[in-house]
Student: 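Quick one: the structure is below, questions incoming.
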Amino acid sequence: MKNKSIKKMVGIALFAAIIVVLQVISGVILRFGAFSVTLCLVPIVIGGMIYGVAAGSILGAIFGLVCIFNALVGLDTGTNFMLTGMGGYTCVMTILLCLLKGAFGGFISALSYKLLKNKNQMLAVVLACALCPIGNTGMFAIGFPLFLMDALKTFAGGENTFAYLFLTLISWNFFLELGISLVLIPAVKRIVNIYELNYNN
């Protein structure tokens, strides 16, 4: 039992390291305007599928922490402005939103896989891969206007705030993240199957 717990902690730490590396890389090479696209949702999905709902949530929150780090070092100038240029409330809510949206994406993805894997594994994998970006972006779409409307108005610069949120901030970012997750479904399924085969033997 202790050996299994150690293996699980090491596995989660390995996925966390992959998330850190991929998100820092995305902050350098995938910057569109003031914000960056994430490359690390798939490791969150796989980690949650293998190690459970709590692990998916933790890995998602780690993704949020790296988003905050990227912002503080200038790799995500939009979030940097929200953290350093708009006052204490905006800073706190930005940190909370970064953590919660990632954790929710990991949570809902891992939960869907857990509930469906014994009924229809292929459907479970597809939903897990789709729900991580949907959960992450959905939480952002709700939280940004609800708690950070002043920042949203600032970024919109006089445009309709909701049109700016969905057509500029979310649209291309979400479809790219969703597309990457869906394209990698066969690889995700294979990795999880290999792990479960070896782990159960």
Student: In sequence, state the C-alpha distance, the side-chain angles, and the governing distance for Leu197 and Asn193, and then conclude on side chain to side chain contact (heavy atoms under 4.5 Å, CB included).
Tutor: CA-CA 6 Å; Leu197 181 65; Asn193 284 343; over 6 Å; no
Student: Can you tell me how far CG of Leu22 sits from CG of Leu41, rounded to the nearest 0.5 angstrom?
Tutor: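 Output value for this atom pair is 10.0 Å.
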Student: Contact between Ile44 and Phe15 at the side-chain level, heavy atoms closer than 4.5 Å - yes or no?
Tutor: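 A side-chain contact under 4.5 Å is absent here.
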Student: Where is the tightest heavy-atom contact between Ser181 and Cys129, given as atom of each residue plus distance?
Tutor: CB-O, 3.2 Å
Student: Any side-chain heavy atom of Thr90 sitting closer than 4.5 Å to one from Thr94?
Tutor: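 Counting from C-beta outward, Thr90 and Thr94 do come under 4.5 Å.
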Student: Mind checking whether Phe175 and Leu167 sit in one hydrophobic cluster, side chains of I, L, V, M, F, W, Y counted as touching below 4.5 Å?
Tutor: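 In one cluster: no.
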Student: Can you measure from CG (Leu131) to CZ (Phe104) and round to the nearest 0.5 angstrom?
Tutor: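 Atom-to-atom, Leu131:CG and Phe104:CZ are 8.5 Å apart.
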Student: Does NZ belonging to Lys117 count more than 12 external heavy atoms closer than 6.0 Å?
Tutor: yes
Student: Can you name the closest pair of heavy atoms from Phe140 and Pro145 and give their distance?
Tutor: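 Scanning both residues completely, I find the closest heavy atoms to be O-CD, 4.1 Å.
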Student: Taking all non-hydrogen atoms of both residues, which atom of Leu182 and which atom of Val126 are closest, and how far apart?
Tutor: CD2-O, 4.5 Å
Student: For a side chain to side chain contact (heavy atoms under 4.5 Å, CB included) with Val21, tell me which candidate from Ile19, Ile18, Ile25, Val24 qualifies.
Tutor: Ile25
Student: To the nearest 0.5 Å, what is the distance between CG on Leu100 and CD1 on Ile95?
Tutor: 11.5 Å
Student: Compare every heavy atom of Pro186 with every heavy atom of Val183, then report the nearest pair and how far apart it is.
Tutor: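 Heavy-atom minimum between the residues: O-CD, 3.5 Å.
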Student: Do the side chain of Thr168 and the main chain of Leu165 share a donor and acceptor less than 3.5 angstrom apart?
Tutor: no
Student: So, taking the atom named CZ in Arg190 and the one named CD1 in Ile46, what distance separates them when rounded to the nearest 0.5 Å?
Tutor: 13.0 Å
Student: Once side chain to side chain donor-acceptor pair (under 3.5 Å) is applied, what residue pairs with a partner in residues 127-143 remain, sequence neighbours excluded?
Tutor: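 As it turns out, the side chain to side chain donor-acceptor pair (under 3.5 Å) pairs with a partner in residues 127-143, which skip direct neighbours, are Lys101-Asn136.
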Student: When you compare the side chain of Leu97 with that of Met93, does any pair of heavy atoms fall below 4.5 Å?
Tutor: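 No - every pair of side-chain heavy atoms lies 4.5 Å or more apart.
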Student: What's the spacing between Asn70 CG and Gln23 CD if we round to 0.5 Å?
Tutor: 5.5 Å
Student: Please find the pair of heavy atoms, one from Phe63 and one from Gly102, that lie closest to each other, and give the distance.
Tutor: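 Between these two residues, the closest heavy atoms are CD2-CA, 3.8 Å.
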Student: Could you tell me which non-hydrogen atom of Ala128 sits nearest to which non-hydrogen atom of Tyr113, and how far apart they are?
Tutor: CB-CB, 4.1 Å
Student: For residues 47-62, please give each side-chain donor-acceptor pair under 3.5 Å, one per line with the distance, not counting sequence neighbours.
Tutor:
unit_1	atom_1	unit_2	atom_2	d
Ser57	OG	Val53	O	3.0

Student: Going by heavy atoms in the side chains, are Leu152 and Met149 under 4.5 Å from each other?
Tutor: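 Contact flag for Leu152/Met149 side chains = yes.
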Student: Which residue pairs pass the side chain to side chain donor-acceptor pair (under 3.5 Å) test with at least one member in residues 141-155, sequence neighbours excluded?
Tutor: none
Student: Hey, what do you get for CG (Leu115) to CG (Leu111), rounding to the nearest 0.5 Å?
Tutor: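 Between atom CG of Leu115 and atom CG of Leu111 there are 4.5 Å.
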